[in-house]
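Here, residue 1 is the first one in the sequence, and each next residue gets the next number. Not measured: the values here are computed from a predicted model. No hydrogens, no waters, no symmetry mates; every other heavy atom, side chains included, goes into these values. Start at 1 and go down the list; that is how both ligands and their atoms are numbered.
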Amino acid sequence: MTLKDKVSKKHLLINGEWVEAKEYSPLRSPYSGEVIAEIPLATEEETDQAIEAAQKATKLMAKMPAHQRAKILETLAHLLEERADEAAQIISIESAKPVTTAKGEVARTIETYKFAAEEAKRIHGETLSLDAARDGENRLGYTVREPIGVIGAITPFNFPMNLVAHKVGPAIAAGNSIVLKPASQTPLSSLFIAELLQEAGLPAGALNVVTGGGRVVGDKLVNDSRVSMITFTGSPRVGIGIRNKAGLKRVTLELGSNAAVIIDRDVDIDKIISRCVTGAFSNQGQVCISLQRVYAHEEVYDRFVEKFIEATKRLRIGDPLDPETDVSALISPNDVERTVDWILEAKQAGAIIATGGKSEGNVLHPTVILDADTHLKVSCQEVFAPIVLINKIQSIEEAINLVNDSNYGLQAGIYTNDVRTALDAAENLQVGGVMINDIPTFRVDNMPYGGVKESGTGREGLKYAVEEMTEMKLVVWNRN
Ligand code: NAP
């Protein structure tokens, strides 16, 4: 059966109903260009209806006991476990993520919803020592955490299932309702999860899925006063635009980076090569904490470069649905063109393209660049492609300065056997998370995750997202 045989027409999910939209657009496989589905292009009015449905559902969701919210999320996790292979195929078809990597994403998504179910059961405030103040004597004070209301969730293409889970999971756990706008290239994963959530017993209106253009649907969500919070994952350009328009709405932004790892002189290079190659090229480098910059100490630089290039050349390029494939197509032909231009700029400026550097259809070959100057686009911007730079450093201090010389600050890694060096790096790296003896690409879904500088504001990782998605209320009893 070819992809064409499977093409189906999708609908908007508004107030628990699958609603036919006014306008549709074909969704194409990034790898083959084949049409894989017909997707609604929601209008402002259709988005308005979704917001209205979500608002109506806020009371019901806020009153739903924690054990029921947890049960819905647990059921969703079970349903997803049962249909894990189908879910991985959907991710792979719509995003060109190699299917083996897509299976990993599904496994993580299941875990994310399980963590969300657990968090639903432990949302609480604290009792306060009001009598520490002279005027606070004989008063009992405590805080509670209440749901924030309607959450507008806007998600990117690169983890179409798990990054949606990082918004939908904690929003339901905290008793909110949601209007979800998935990335235009990857709506199928969200629509699939929405079907499972209906089956899991989520009330009508608690989750609405509105597919369509970022400018139309996204803008409506950001500008509508009934939406209390925007949780956004995507590019700094769009994120900063949202922040500027959102006024007093709560906004969390999970944005991009040009993540780096430092390799100290005492590191066993053979032991870390395969991990570094995975960090650089997994999902074609389209990961917000993809390894883009390597700073290797001069004493181990040559060995690292040689081994890294050897391992890179062994990566298999091909169809995302082939389980043997390591690297497949970039998300769009524009991204292929952009990255080839950036590589050319680096070459013209004297950098060495040690391997890769060319494209084949929509696939950019895994590319290793040496001696790239810090001002080049491949260095100072987010490449979001299978491109990695390896640079020689003379000291760890120099490397830390180079890592910090970036507009971004999501995560960084350092391999070292020296405890003091590790502690210094943890203290001095200007990022949201420092990985000692690992690549910056490490993430499990319950850890606090987010960045500084242009990498964003706020944190995800269920417990932390629940905090962002609830409002603190103070209650004071006067016993005088
Ligand atoms: P993107 O182009 O910024 O799109 C993200 C989402 O925003 C999409 O749903 C997009 O819709 C929507 N959007 C576009 N214009 C909008 C507007 N004016 N108002 C509101 N929403 C709008 O990002 P992407 O290319 O999908 O994803 C890649 C980026 O995400 C990279 O920078 C990556 O680093 C970042 N990312 C960050 C994290 C993290 O946790 N920090 C995780 C993953 C990815 P359309 O698809 O319809 O344009």
Side-chain angles (χ1 to χ4, degrees), residues 25 27 30 39-42 44 47 94-95 97 105 108 112 152-167 179-190 209-224 227 230-246 249 251-259 282-292 330-332 334-335 338-339 381-385 406-411 431-433 440-441 443 445 447-461 464-465:
S25 150
L27 179 68
I39 301 296
L41 276 183
E44 202 181 315
T47 312
E94 68 178 352
S95 71
K97 179 170 287 190
E105 179 174 349
R108 279 182 60 186
T112 302
I154 305 176
T155 52
F157 74 83
N158 63 332
F159 285 86
M161 212 165 270
N162 195 35
L163 291 181
V164 166
H166 271 285
K167 301 188 183 310
V179 180
L180 168 65
K181 189 230 135 357
S184 290
Q185 180 54 47
T186 55
L188 299 178
S189 297
S190 289
V209 185
V210 189
T211 53
R215 291 230 175 83
V216 178
V217 180
D219 262 10
K220 175 70 184 159
L221 289 175
V222 174
N223 292 324
D224 195 293
V227 177
I230 295 289
T231 167
F232 172 82
T233 302
S235 61
R237 183 186 57 80
V238 175
I240 292 165
I242 288 175
R243 181 75 189 221
N244 290 340
K245 280 183 266 181
K249 266 190 189 56
V251 177
T252 62
L253 301 174
E254 301 288 341
L255 310 178
S257 80
N258 56 351
S282 179
N283 196 25
Q284 291 82 256
Q286 298 167 125
V287 178
C288 46
I289 37 176
S290 185
L291 177 54
Q292 181 172 332
L330 283 178
I331 200 68
S332 76
N334 281 350
D335 285 288
R338 171 183 62 82
T339 47
Q381 298 199 21
E382 179 181 39
V383 293
F384 225 57
S406 167
N407 290 338
Y408 304 111
L410 197 45
Q411 293 199 150
V431 287
T441 327
R443 182 180 185 187
D445 293 286
M447 74 189 212
Y449 183 76
V452 299
K453 302 197 260 182
E454 284 186 21
S455 291
T457 57
R459 292 291 179 268
E460 289 194 334
Y464 311 94

- In terms of side-chain heavy atoms, does Glu460 have a donor or acceptor partner in Thr252 at a distance below 3.5 Å?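 No.
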
Over all heavy atoms of both residues, which pair between [X] and [Y] is shortest? Give the atoms and the distance, please.
| X | Y | result |
| --- | --- | --- |
| Arg443 | Met447 | CA-CE, 3.7 Å |
| Ser257 | Leu410 | CB-CB, 3.6 Å |
| Pro182 | Val209 | CD-CG1, 4.1 Å |

Nearest protein heavy atom to [atom], by residue and atom, and its distance?
| atom | value |
| --- | --- |
| atom 9 (O) of ligand 1 | Thr155 O, 2.8 Å |
| atom 27 (O) of ligand 1 | Pro156 CB, 3.3 Å |
| atom 16 (C) of ligand 1 | Val238 CG1, 3.4 Å |
| atom 36 (N) of ligand 1 | Cys288 CB, 3.6 Å |
| atom 18 (N) of ligand 1 | Asp219 OD1, 3.9 Å |

Using heavy-atom distances, let me know which of [options] sits nearest [atom].
| atom | options | answer |
| --- | --- | --- |
| atom 34 (O) of ligand 1 | Lys181, Glu382, Arg459, Glu460 | Glu382 |
| atom 44 (C) of ligand 1 | Asn158, Asn162, Thr186 | Asn158 |
| atom 46 (O) of ligand 1 | Gly234, Ser184, Ser190 | Ser184 |
| atom 40 (O) of ligand 1 | Phe384, Tyr449, Phe159, Tyr408 | Tyr449 |
| atom 13 (N) of ligand 1 | Pro187, Gly214, Gly451 | Gly214 |

If we only count heavy atoms from C-beta on, is the [X] to [Y] side-chain gap below 4.5 Å?
| X | Y | value |
| --- | --- | --- |
| Ser25 | Ile39 | no |
| Leu163 | Asn158 | yes |
| Pro236 | Tyr408 | yes |
| Phe232 | Leu255 | yes |
| Glu94 | Pro187 | yes |
| Tyr449 | Cys288 | yes |

Quick one: which ligand 1 atoms are inside 4.0 Å of a heavy atom on [X]?
| X | answer |
| --- | --- |
| Thr233 | 5 (C), 36 (N), 37 (C), 38 (C), 39 (C), 40 (O), 42 (C), 43 (C), 44 (C) |
| Gly256 | 32 (O), 34 (O) |
| Pro182 | 9 (O) |
| Leu410 | 41 (N) |
| Phe157 | 24 (P), 25 (O), 26 (O), 27 (O) |
| Ile154 | 6 (C), 7 (O), 9 (O), 12 (C), 20 (C), 21 (N) |
| Gly213 | 47 (O) |
| Leu163 | 42 (C), 43 (C) |

- Min heavy-atom dist Gly450 to ligand 1 below 4.0 Å: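 No heavy atom of Gly450 comes that close to ligand 1.
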
- Query: Which bit of Phe232 is near ligand 1, meaning a heavy atom under 4.0 Å away: side chain, backbone, both or neither?
  - Reply: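 Answer for Phe232: side chain.
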
Value rounded to 0.5 Å, distance of [atom1] in [X] from [atom2] in [Y]:
| X | Y | atom1 | atom2 | value |
| --- | --- | --- | --- | --- |
| His166 | Tyr464 | NE2 | OH | 12.5 Å |
| Asn258 | Glu454 | CG | CD | 10.5 Å |
| Asp219 | Ile154 | CG | CD1 | 8.5 Å |
| Thr233 | Lys167 | OG1 | NZ | 3.0 Å |

Sub-3.5 Å N/O-N/O distance, [X] and ligand 1:
| X | value |
| --- | --- |
| Ser257 | no |
| Leu255 | yes |
| Ser455 | no |
| Ser235 | yes |

- Item | Expected output: side-chain Ser455 to main-chain Gly256 donor-acceptor under 3.5 Å |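 Such a contact is found between Ser455 side chain and Gly256 backbone.
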
- Task: Please indicate, with yes or no, if any protein heavy atom is found under 4.0 Å from atom 24 (P) of ligand 1?
- Result: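 Neighbour list for atom 24 (P) of ligand 1 includes protein heavy atoms (cut-off 4.0 Å).
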
